[in-house]
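Here is the structure we will look at.
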Amino acid sequence: MFPNSSNLGRPPFLPKHQQHNNFFSELPLNIPPTLLSHQQIVDARFNFQNAAGNLSTVPAVSPQPLTYGNGSSGPTSAAPTLFRGRKRLSEQNVPYDVKRQRFHSPHCESTLVNQTVPLPEERRYSFPGSIPSPLFHAHYIPDLTGCVPPLRDAPFPDPIETTLPVAKDKLSQQVLELFQACQQQTCDLNKKELCRTELQKEIQQIFPQSRLFLVGSSLNGFGTRSSDGDLCLVVKEEPVNQKTEARHILSLVQKLFCTKLSNYIERPQLIRAKVPIVKFRDKVSCVEFDLNVNNVVGIRNTFLLRTYAYIENRVRPLVLVVKKWASFHDINDASRGTLSSYSLVLMVLHYLQTLPEPILPSLQKNYPESFSPTMQLHLVHQAPRTVPPYLSKNGSTLGDLLVGFFKYYATEFDWSHQMISIREARAIPRPDGIEWRNKFICVEEPFDGTNTARAVHEKQKFDIIKDEFLKSWQRLRDKRDLNCILPVRATIQKR
């Protein structure tokens, strides 16, 4: 276990009048180590695992001593363990077994406001509990009808049952099969959350008022079994200069990982990107992580995408298959000049918004107060509670939608003059700003307006991406078999 796993709580931020003007003047602080109590955390993971279609909720996560091969609470040697790749340990014992689901017509179910984003019972992943803080308030008055309930100690009521879409044709069945086998499982999420909890304890030895958030695909509903973990370290309420402050903070975190935590953290690397990160691998869970500082837009878009993921039951299977397809064709790696997973998700959502009969709305247009870019962080996780299910008149199957997705980007979308915008729910003209010049793909970040696809800056890589869209559309249109663009069985085995 990490060295300070038994420490108790402290507030994440001091009141304004107690904070020093010089942010770095307090580092390091030679004070007794303390930590916030384990956060009240929840997440919505719907795993359809039995023939009756019953809902399996996520159990409460509570920190348990991690044991290694000999049953001890730590490694038997200080020597670093060998890098074992990205395969999760738990996958070795998880049989592949995709079972038939019970399907219901959405028109036969009553539309319940604030019941669309599913949630489990007791806890919220990565959001603080009873913490008196100007940034993270607590002791909310519970709203029992909320789809993302406030933090509290009492158990949450069971989430409503949701169903997967009906899959009558072969291609749609293949999409569902892949989704059920490869979607993130409760055990995957618990590993990430436990690592986050322990790392927060250690980082608070250097930054006592900081908070560590699990963000990205782990929480937004689009995670897979092989998804890495994304962490956001919030050190203060004000924005952080990413070129100076953030790099300095991350260098201290990297030093901590390389010294005190070297038995638990493997290969910490400081990546000096536009938003700098520390990349590392947790030896205990074998999960790889990216950690940034104060990139709070990631917290906001996590819950925006989470709402999109659950308001229509065709969204998550379609997104997962597109992510697996892009990875198989080597066009899903921003560090190599291709598309990030975040950009791919936005591209799928945009396509579903722009159909003649849309499958998704613009949540930011329809619910501007719930998804305001200026909303205080302690309220962000409550936003999905205001959003009812979206009942589209479009009855297209998963197979039809997948073929249409590839056709849209292969033949219809104007890459040279248009920008993808889920905020507007349409393709909009490219801006003339410097960030958008000489970029082959423009995908608008829905909160800060930056280009999430800025990594695609070489024409050769752009041509490869376009060619994959075109070839995949033609093959899928003609054969209606997912295997012609993505080997289903091999992908499931690899996951």
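- Of all heavy-atom pairs between Asn294 and Asn292, the closest is N-OD1, 4.0 Å.
- Atoms CD and CZ, from Glu288 and Arg281 in turn, are 7.0 Å apart once rounded to the nearest 0.5 Å.
- To the nearest 0.5 Å, atoms CD1 (Ile311) and CD1 (Ile359) are separated by 11.0 Å.
- Taking the six-membered ring where the residue is Trp, Trp325 and Phe405 present perpendicular rings, their angle passing 60° and hence far from 30°.
- Using a 4.5 Å heavy-atom cutoff, the side chains of Glu445 and Leu346 are not in contact.
- Using a 4.5 Å cut-off on side-chain heavy atoms (C-beta onward), Tyr308 and Ile422 make contact.
- Summarising the geometry of Lys236 relative to Pro239, their closest heavy-atom pair is CE-O, 3.9 Å, with the distance given to 0.1 Å.
- Closest approach of Arg306 to Leu219, counting heavy atoms only: NH1-O, 2.8 Å.
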Does Phe280 form a side chain to side chain contact (heavy atoms under 4.5 Å, CB included) with Leu231? I'd like the steps, not just the answer. CA-CA 11 Å; Phe280 64 93; Leu231 296 168; 4.0 Å; yes

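- Counting heavy atoms from C-beta outward, Cys195 and Val287 have side chains that stay 4.5 Å or more apart.
- In this structure, Tyr408 contributes its side chain and Leu355 its backbone to no donor-acceptor pair below 3.5 Å.
- The shortest side-chain heavy-atom distance between Phe179 and Val321 does not fall under the 4.5 Å cut-off.
- Under a 3.5 Å cut-off, the side chain of Ser327 and the backbone N or O of Lys323 do not form any donor-acceptor pair.
- Put simply, NE2 on His350 and CZ on Arg423 are 13.0 Å apart, with the number rounded to the nearest 0.5 Å.
- Atom CG in Asp448 sits 8.0 Å away from atom CG in Asn295 (nearest 0.5 Å).
- Gln254 places no side-chain N or O within 3.5 Å of a backbone atom of Val278 that could act as its donor or acceptor partner.
- Two residues are said to be in side-chain contact when any heavy atoms from C-beta on lie closer than 4.5 Å; Val443 and Tyr342 fail this criterion.
- With contacts defined as side-chain heavy-atom distances shorter than 4.5 Å, the pair Leu304/Pro446 qualifies.
- Under a 4.0 Å N-O distance rule, the pair Arg314/Glu312 qualifies as a salt bridge.
- Counting only distance, with no hydrogens or angles, the side chain of Arg316 and the backbone of Gly221 share a donor-acceptor pair below 3.5 Å.
- Put simply, the side chain of Ser227 never gets that close to the backbone of Ser218: no donor and acceptor are under 3.5 Å apart.
- Within the 3.5 Å criterion, the main-chain N or O of Ile277 finds no donor-acceptor partner in the side chain of Gln269.
- With no hydrogens or angles considered, a side-chain donor-acceptor pair links Asn332 and Ser341 at under 3.5 Å.
- Between the side chain of Gln353 and the backbone N or O of Pro358, no donor-acceptor pair lies under 3.5 Å.
- Among residues at least two apart or in separate chains, salt bridge (charged side-chain N to carboxylate O under 4.0 Å, His left out) pairs with a member in residues 362-380 are Lys365-Glu424.
- In this structure, the side chain of Thr302 does not engage the main chain of Asn220 through any donor-acceptor pair within 3.5 Å.
- Between Val296 and Val380 the shortest side-chain heavy-atom distance does not fall below 4.5 Å.
- For the pair Asp228 (side chain) and Phe289 (backbone), a donor-acceptor distance under 3.5 Å is absent.
- Although no hydrogens or angles enter the test, the distance criterion places no donor-acceptor pair under 3.5 Å between the side chain of Gln180 and the main chain of Leu178.
- Within the model, atoms NZ of Lys439 and NE2 of His457 stand 7.5 Å from one another, a figure rounded to the nearest 0.5 Å.
- Within the model, atoms CD of Gln200 and CD of Gln204 stand 4.5 Å from one another, a figure rounded to the nearest 0.5 Å.
- Ring centers of Phe413 and Tyr409: under 6.0 Å apart, within the cut-off.
- Listed by first then second residue, pairs satisfying salt bridge (charged side-chain N to carboxylate O under 4.0 Å, His left out) with a partner in residues 291-305 number zero, not counting sequence neighbours.
- Proximity of Ser251 to Val253: side-chain heavy atoms (C-beta onward) are nowhere separated by under 4.5 Å.
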